[in-house]
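Quick note on labels: first sequence line is chain A, next is B, and so on, each numbered from 1.
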Amino acid sequence: MSPARGNKYMTASPATRVLGVVAVAAALLMALLGLIVSPADVVQGQAVRMLYLHVPSIWIAYGAFVLTAVSSALFLIRSRRREDSGRHHDRLAGAAAEVGVVFAGITLVTGMLWGRVTWGTYWQWDARLTTTVLLFVTYLGYLALRRLPADPMIRGRRSAVMALISIINVPIVHFSVDWWRTLHQKASLSVGRRPEITGEMYWTLLYSTLAVTIVASWLIVHRYRVIRLEELRDEEALNALIASRLREDE
Amino acid sequence: MLHEVLLIALKDLRVEWRSKVTLGQVAPMGLLVLVVFAFAFDANTRLLELGAGGLFWVAVLFGGTLLIQRAFEVETDDGNFDAFRMSTIRAPSLFLGKSLGIFIQVVLLELVLGPGIVLLYNVRIDDWLLLLAAALGGTLAFSVCGVLWGVMAAGTRVRATLLPLLLVPILAPVLLAGSRAFETAFGVRAEAGWTWASLMFVIAAVHAAVGMGTFGFLLEES
Amino acid sequence: MLHEVLLIALKDLRVEWRSKVTLGQVAPMGLLVLVVFAFAFDANTRLLELGAGGLFWVAVLFGGTLLIQRAFEVETDDGNFDAFRMSTIRAPSLFLGKSLGIFIQVVLLELVLGPGIVLLYNVRIDDWLLLLAAALGGTLAFSVCGVLWGVMAAGTRVRATLLPLLLVPILAPVLLAGSRAFETAFGVRAEAGWTWASLMFVIAAVHAAVGMGTFGFLLEES
Amino acid sequence: MSTVVDFQKVVAVAGGFPVLAGLDIEITKGEIVHLRGSNGVGKTSFLRACAGLLQIQNGDATVLGFDLRDDRIAPRRYIGLLGHENHLYKDLWVREHLEFRAAAVGADQHDVEAALQRIGVSERLWAVPIERLSAGQRRRVAIASVLVGRPQLWLLDEPHAALDREGREVLDEILIDAASSGATVVLASHERDLSKSVTSRVVTLRGGRLWEDSGAA
Amino acid sequence: MSTVVDFQKVVAVAGGFPVLAGLDIEITKGEIVHLRGSNGVGKTSFLRACAGLLQIQNGDATVLGFDLRDDRIAPRRYIGLLGHENHLYKDLWVREHLEFRAAAVGADQHDVEAALQRIGVSERLWAVPIERLSAGQRRRVAIASVLVGRPQLWLLDEPHAALDREGREVLDEILIDAASSGATVVLASHERDLSKSVTSRVVTLRGGRLWEDSGAA
Ligand code: HEM
Ligand SMILES: Nc1ncnc2c1ncn2[C@@H]1O[C@H](COP(=O)(O)OP(=O)(O)OP(=O)(O)O)[C@@H](O)[C@H]1O
Ligand SMILES: Nc1ncnc2c1ncn2[C@@H]1O[C@H](COP(=O)(O)OP(=O)(O)OP(=O)(O)O)[C@@H](O)[C@H]1O
Ligand SMILES: [Mg+2]
Ligand SMILES: [Mg+2]
């Protein structure tokens, strides 16, 4: 099994290696900026540094889940045709969802630690927090559904339907602060509005988002690759099994 | 179409009638949940009154999940799902028929649980119309979502436990909306209960559309 | 005897391991139940703190019911119960073995739910010893009652409808006692938590005795 | 003579195992094909693939003129499948069950009684829950459920299992009748002597592939 | 020659129906009895009554020296039962399942492999979940589960169903071996030609009662 089989969707290439290097460098720089360069907050003190992981992570998770939904939609469309059944989109959906779940988890953990410092408790029954945990579990369920043994196309369609329904949770999480009265911060950055945080914090947050995006892309590319390799391995094993079945009639 | 829907629903109800699982097994289970809460907060009737709406929907969710599980157990037993797939009934009708069967059973469950909360939690009903609308919307949403996820989880041995995992996060908004609407109907919350009630109808409609569109290939196992 | 008990319990755990139901699906689902309760109560923190004990046990009941259902589904499937009856293992060992298997799975479930309520409902644990004792007693009582109930419900369809009615009065005291003991352990209730905890051990012991004595003919179907 | 089933180099996978490993087979209208082979060679898998219940991974498969790779749902309405399992709702009464199955395949309700009588389910049992029936009686109800749909293609997985001698004879008659009125029958069975009396062709599988074929009658 | 099964005017009721309606039968040690009769005559019911799984309403029944009306549990440890169903844990692997069954009847773990090999479950399948097996392979595992317990009384309900020809031959050998080493075998089957080669006696039931008996060998 050689990765260099020249398959259209194999992803090992110089470009991804560069991406990996860039991701590491960006993460290091992000740590530097977030922990040392940016100032402590007037109200929150050092705890504010959690922001640089907490917020970009969930944004990336949103992005990943949207990617999952879009890929799923494409898969549903493409899988109607026999040739080029769109497996590529299914793999991408799976890889993106896995990475999204990881980053949503990071937001939850950092948020809980942060809450412990600023609110004095790990958890509050706040709409934002509750909806976030529901988002997290929904995608855990999505991943569980993907793991059920089934024909790849059937499984792909099934999980695609779930991905399309689940995406509704993203806007719910995002707008929960507006729809319900919450303890949690309202949106501080949004298009067409003056940012409420300033200076180094603002730029550090923007930069962190970029860095996390790079890391997440690298992860998605590699999860995709691993999924593809697993498929190739399974195909190989299947071919060996077919061959051995043919040998049954000696 | 309507004929096919009724055929499926009637078959499910007949199986239920012959085995009497809903009324005999699930309803007592739901009542147990209510009783336990009554115990847990015995000192504070006010709290119970406040929480009654939520408790009702938690009990419905709990019992309803068992019902959906059973509705699909009947199909996976003895390879019945294959016969289902081989029938000439169109997938949307199957979906609606199963949903209708579940809907009726959940309504029966609610007819037991409703008086339950009235008696145990001492609630007063201010707005009957809202109450009925919310119950209808919530039950519709529950049935439709339940069947959609039920078929996704069916066909695997682990279905019994994967189902709740998939179902609960999807149903959380229904639960929330149902609770809020009931609380308004009980007069313990001033908020717009009708908005919440309509939300449930929207959820039901969306899932019904998705279910009718996709049930055909969701039914396939391999 | 011990050898037989372990044999049965290990078999059940192995079936679970192959299908990875407890940790993979029931536990997350239990957590969701906790979240959903909070939703239903509209995040009334004080209420949640007061009710945490009760909510924990309701979540255990919910998840544990699924586990018991599955443990007996595995046996009724493909006529396995007959092979069970034909084996040389004595009925009390069967009973204890099944209970042990359920017990271990419920403990796993509680290991997820426990941190869950501590983090989510913001409870403080005043009395660890009482907490552990109550958890142990409640889990024992639940497993033993659950298996006793499960085997009766598994036997025939006719009896299945009657037995949950019996289970309600049996499990309600366990839930009540568990909630009270936990509340004392959480420092939100001054009452004698140890009395409640010991009550659960008594319930467990009584049901274990009844189960060991009667399992032999409860296993018989006709 | 039109082709009803046409499989070419069909590979089908279940649970990561190639249950069909390059099967070639062609069945024409009106045949009664006896499918044979040791346990686990892929008879059940072949029947399920014909019914569109098992996805085809590779190769070409056409059933009743439908290409299974494009649409494996459409041909189902013309197919009657009897598996190793009976596909019965155990809680329902015999008659209720059959009425439901008849309605579900768009058959006439009047055929229900005729089918039950034909296959020899005595009237005494019509209002008995299926759960209470003996193995052979259940099998008969299952066969009646297929019969009532008047399928064009019968896929039967060991239909004789559990049937008594009289039941076997009746079933054979039913199959011969069906074939002579233009239906096609494929039945998997381990019974040897079956071949001579009823079936027009014997096909033996081995290792997920065709091994021996007595050829069309 | 000692009597293994002795039924006298046995009546047994299931679901309000007299599945055994005054059955008289006596089976002695070392016999291989072929139980016959149309569907629903009570073969399964008789086997289940022998195993103590079906309560006896009336009449006298003794199995392996135990009076079933006093104790229907005690004889079970000497009995191996194979029903229409296979009694398999579908989630377990073949080997795991058999190891459990062996332990549950107090058999030696070393016999497990021997039993699987004897009945012809190929080693490739030992670590495959039972759910994935074909019908005949499952039946073999079920037979191995009985075999491993070395019962004194074998009660087999259509043991040949789903088995291929080689499997049937192996099973027949196993039964002959068992009988010659002092065990008793009762098998229900609809197959005609079975009688001559293996079985020492043919008993035909009808309407829950004895109808014909070829007599002890
Ligand atoms: C487990 C607990 C928490 C969770 C699950 C959580 C979740 C989230 C989510 C989902 C967002 C993204 C909002 C969006 O859609 O743009 C967010 C943003 C944010 N969170 Fe948290 N959070 C938690 C705790 C906290 C705490 C304790 C603080 C600080 C007191 C905090 C401060 C912020 C801030 C400042 C933002 C950026 C808001 C914006 O600019 O949009 N979070 N959080
Ligand atoms: N995961 C797996 N690993 C190994 N073998 C598998 C797996 N899944 C399926 N199989 C094999 O696939 C085959 C399925 O065959 P199928 O059920 O079609 O046989 P069959 O011809 O109907 O046999 P029978 O006569 O016993 O009914 C079996 O040999 C089974 O062991
Ligand atoms: N409630 C009932 N009403 C009518 N008949 C019943 C009822 N319960 C059981 N029976 C009948 O009891 C009989 C049980 O027979 P049993 O299962 O022993 O038959 P069998 O000889 O094993 O048949 P087979 O060859 O089909 O396996 C069947 O005829 C069944 O219809
Ligand atoms: Mg087969
Ligand atoms: Mg029988």
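For E:Thr62, the side chain to side chain donor-acceptor pair (under 3.5 Å) criterion is met by no residue, not counting sequence neighbours.
C:Arg18 touches chain E through its side chain: at least one heavy atom from C-beta onward sits under 4.5 Å away, while N, CA, C and O do not. Residue E:Ile73 touches chain C through its side chain alone, counting heavy-atom pairs closer than 4.5 Å.
At most 12 heavy atoms of other shown residues, nucleotides or ligands fall within 6.0 angstrom of atom CZ in E:Arg209.
With E:Arg76 contributing its side chain and C:Arg85 its backbone, the two residues share a donor-acceptor pair below 3.5 Å.
Rounded to the nearest 0.5 Å, atoms CZ (E:Arg101) and NZ (C:Lys11) are 7.5 Å apart. Atom CE of residue C:Met86 and atom CG of residue E:Leu82 lie 11.0 Å apart, to the nearest 0.5 angstrom. Distance NE2/E:His97 to CZ/C:Arg14: 12.5 Å, rounded to 0.5 Å.
Annotation: residues 103-116 of chain E contacts chain C through E:Ala103, E:Ala104, E:Val105, E:Gly106 [non-hydrogen atoms, separation under 4.5 Å].
Per-residue counts of heavy-atom pairs under 4.5 Å with chain E were compared for C:Ile8, C:Ile89, C:Leu10, C:Leu7; the largest is that of C:Leu7. When each of E:Asn86, E:Val146, E:Leu81 is checked for heavy-atom pairs under 4.5 Å with chain C, E:Asn86 comes out on top.
Minimum interatomic distance between E:His87 and C:Gly79 (heavy atoms only, all atoms of both residues): ND1-O, 2.7 Å.
When side chains are defined from C-beta on, C:Asp78 does not count as touching E:Tyr89, because their heavy atoms never get closer than 4.5 Å.
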